[in-house]
Protein chains: 2
Amino acid sequence: MPRTRADVARTDKLDEIVEAARGRLVDGGYGALSVADIARQLGVAQNAIYWYFPTKDHLLVAAVEGILHDILDCKPKRGAAVDRVLWFAERLHEFQDLRLTIRERARSSEAVAAFERNVVGLLRLLLVNSLSEVATPDHIDDAADAVMALCEGVLLRDISAAHRRRLLRFGIERLLGPESTV
Amino acid sequence: MPRTRADVARTDKLDEIVEAARGRLVDGGYGALSVADIARQLGVAQNAIYWYFPTKDHLLVAAVEGILHDILDCKPKRGAAVDRVLWFAERLHEFQDLRLTIRERARSSEAVAAFERNVVGLLRLLLVNSLSEVATPDHIDDAADAVMALCEGVLLRDISAAHRRRLLRFGIERLLGPESTV
DNA sequence: ACCTGAACACCGTTCAAGT
DNA sequence: ACCTGAACACCGTTCAAGT
């Protein structure tokens with residue numbers, strides 16, 4: 001939370017950069033994210049961006065952080081466990097392309113790798129919470145991991161939304177047991 | 001199968017390029033795959049590569065095709081269904097990084113997109129075959145898709161081999177039913 | 001058919017210099 | 001603290017020209 005005028009200005013400029021990055025990222029993925037191009041759009045020198053972000057991958061992290069925050073920023077659905085997981089999978093689906101970008105960039109950037117660990121932990125936590133009453137405590141970790149893997153694996157495929165839901169339903173009911181539909 | 005001397009020479013040069021590409025790809029992923037760099041290594045002009053491959057992504061496909069072929073080129077394991085799937089998952093694990101590269105590049109290259117469809121179909125077929133006796137025919141498609149999604153999702157995570165096997169075992173047994181361990 | 005030389009239009013990143 | 005100008009060392013791809 002900024003206090004001085006300078007801090008406000010700094011935050012504004014930072015936001016401007018991140019917003020531009022988000023636009024590029026949502027439209028065309030990592031390949032469309034260009035520091036030089038963003039600088040051009042904002043009317044500053046290329047290296048001006050480097051005052052705020054030491055590296056392109058740091059900018060990537062900031063942008064993805066914002067996007068993910070917006071995706072998760074809505075009240076989770078209520079209902080049977082299977083429906084809550086399906087809702088979770090829908091959110092994950094919106095994030096899937098960037099999830100893979102993060103995974104790829106984590107190879108060469110420690111900053112992205114650290115961010116990826118945070119993201120996976122966060123998503124897993126959300127899933128565990130929504131499963132707490134349906135899985136027995138001694139199986140909840142494996143169940144959450146398996147369901148999350150199923151979601152991510154299903155989302156990896158380029159199939160129709162209906163097929164996706166059918167597959168997830170099939171898998172979730174078997175992974176969580178019959179009480180998941182209550 | 002080449003007949004003339006010219007064809008032999010052509011195949012040799014093609015192989016040389018693809019081998020160089022495979023090396024870069026295995027070592028450092030897509031980021032380390034550089035047409036210019038390969039040309040440098042082979043001692044030819046950069047654009048010489050473009051006589052054989054119209055685009056960097058076509059070279060990528062050729063290289064990944066070879067790598068995948070080598071990975072799958074060993075007799076599948078025999079035993080209980082769960083063990084066969086675990087063996088399959090091990091093969092998939094070796095391929096996982098490139099699987100994601102393919103997925104990413106498929107966005108901007110139709111050649112890669114077509115190749116991805118082939119790969120997914122092939123892997124799915126291998127899995128269905130090894131599940132044919134354990135799943136009932138009316139569920140075999142969903143079961144294969146769910147197991148494959150589970151595998152790919154598990155492999156997406158950066159966890160230990162032991163944790164990976166435990167998760168897969170947990171998931172497979174539930175997705176395929178108790179008869180999968182026979 | 002196969003390859004070279006040279007260029008084009010980009011990149012991410014860095015350095016010295018300005019205010 | 002914040003930004004510019006200019007450069008460095010790369011890219012993928014294309015074109016005209018050679019053999």
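Bear in mind that the values here come from a model prediction, so they are computed numbers and not experimental data. Convention: sequence-line order gives letters A, B, ...; per-chain numbering from 1.
Residues R103(B) and L156(A) share a closest heavy-atom pair of NE-O, 2.9 Å.
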Review point. Do R117(A) and D158(B) pass the salt bridge (Lys or Arg N to Asp or Glu O under 4.0 Å) test, and can you show the C-alpha distance, the side-chain angles, and the key distance before you say yes or no?
Key: CA-CA 9 Å; R117(A) 286 190 290 272; D158(B) 200 14; over 6 Å; no
Review point. Does the salt bridge (Lys or Arg N to Asp or Glu O under 4.0 Å) test come out yes or no for D83(B) and R78(B), once each step is laid out?
Key: CA-CA 8 Å; D83(B) 292 319; R78(B) 300 186 46 83; over 6 Å; no
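If you check dC11(D), dT13(C), dT4(D) against the side chain of V44(A), the one that comes closest is dT4(D). The side chain of A36(B) sits closest to dG12(D) out of dC11(C), dG12(D), dC3(D). Among dC3(C), dG12(D), dC11(D), the nucleotide with an atom closest to any side-chain atom of Q46(B) is dG12(D). Each of dC3(D), dG12(C), dC2(C) was ranked by its minimum atom distance to the side chain of K13(A); first place goes to dC3(D).
Atom CG in L42(B) sits roughly 11 Å away from atom P in dT4(C) (whole-Å rounding). Atom pair D37(A):CG and dC10(C):P shows a separation of 9 Å (rounding to whole Å applied). Atom CG of D57(A) is separated from atom C1' of dC11(C) by 14 Å (rounded to the nearest Å). Nucleotide dG12(C) holds its P atom 12 Å from the CG atom of L60(A), rounded to whole Å. Per the geometry, OH belonging to Y52(B) stands 18 Å off P belonging to dT13(D), to the nearest Å. The distance between atom CD1 of I49(A) and atom P of dT14(C), rounded to the nearest whole Å, is 15 Å. Atom CG of L59(A) is separated from atom C1' of dC11(C) by 15 Å (rounded to the nearest Å). Rounded to whole Å, atom C1' of dC2(C) lies 12 Å from atom CG of L14(B).
Ring pair Y52(B)/H58(B): centre-to-centre distance not below 6.0 Å.
At least one donor-acceptor pair closer than 3.5 Å links the side chain of S130(A) to the backbone N or O of L127(A). Remark: side-chain polar atoms of R84(A) are paired, donor with acceptor, to backbone N or O of G79(A) under 3.5 angstrom.
Mapping K56(A) and W51(B) onto DNA chain C via the closest heavy atom, the residue that lands nearer the 5' end is W51(B).
Judged by a 6.0 Å distance limit and a 45° cone about the ring axis, R166(A) is not positioned over the six-membered ring of F170(A). Relative to the ring axis of Y30(B), K56(B) places its NZ or CZ within 45° and under 6.0 Å from the centre.
Pairing partner, dA16(D): dT4(C), with both Watson-Crick or wobble hydrogen-bond distances short of 3.5 Å. When both distances must be under 3.5 Å, the Watson-Crick or G-U wobble mate of dA9(D) does not exist.
Regarding contacts with the backbone of dA9(D), every side-chain N or O of R40(B) stays at 4.0 angstrom or more from both OP1 and OP2. Residue T55(B) places none of its side-chain N or O atoms closer than 4.0 Å to OP1 or OP2 of dG12(D). Remark: R10(A) is in phosphate contact with dC2(D), judged by side-chain N or O atoms under 4.0 Å from OP1 or OP2.
For the segment residues 23-35 of chain A, the set of residues with a heavy atom within less than 4.0 Å of an atom of DNA chain C comprises L33(A), S34(A), V35(A), in numerical order.
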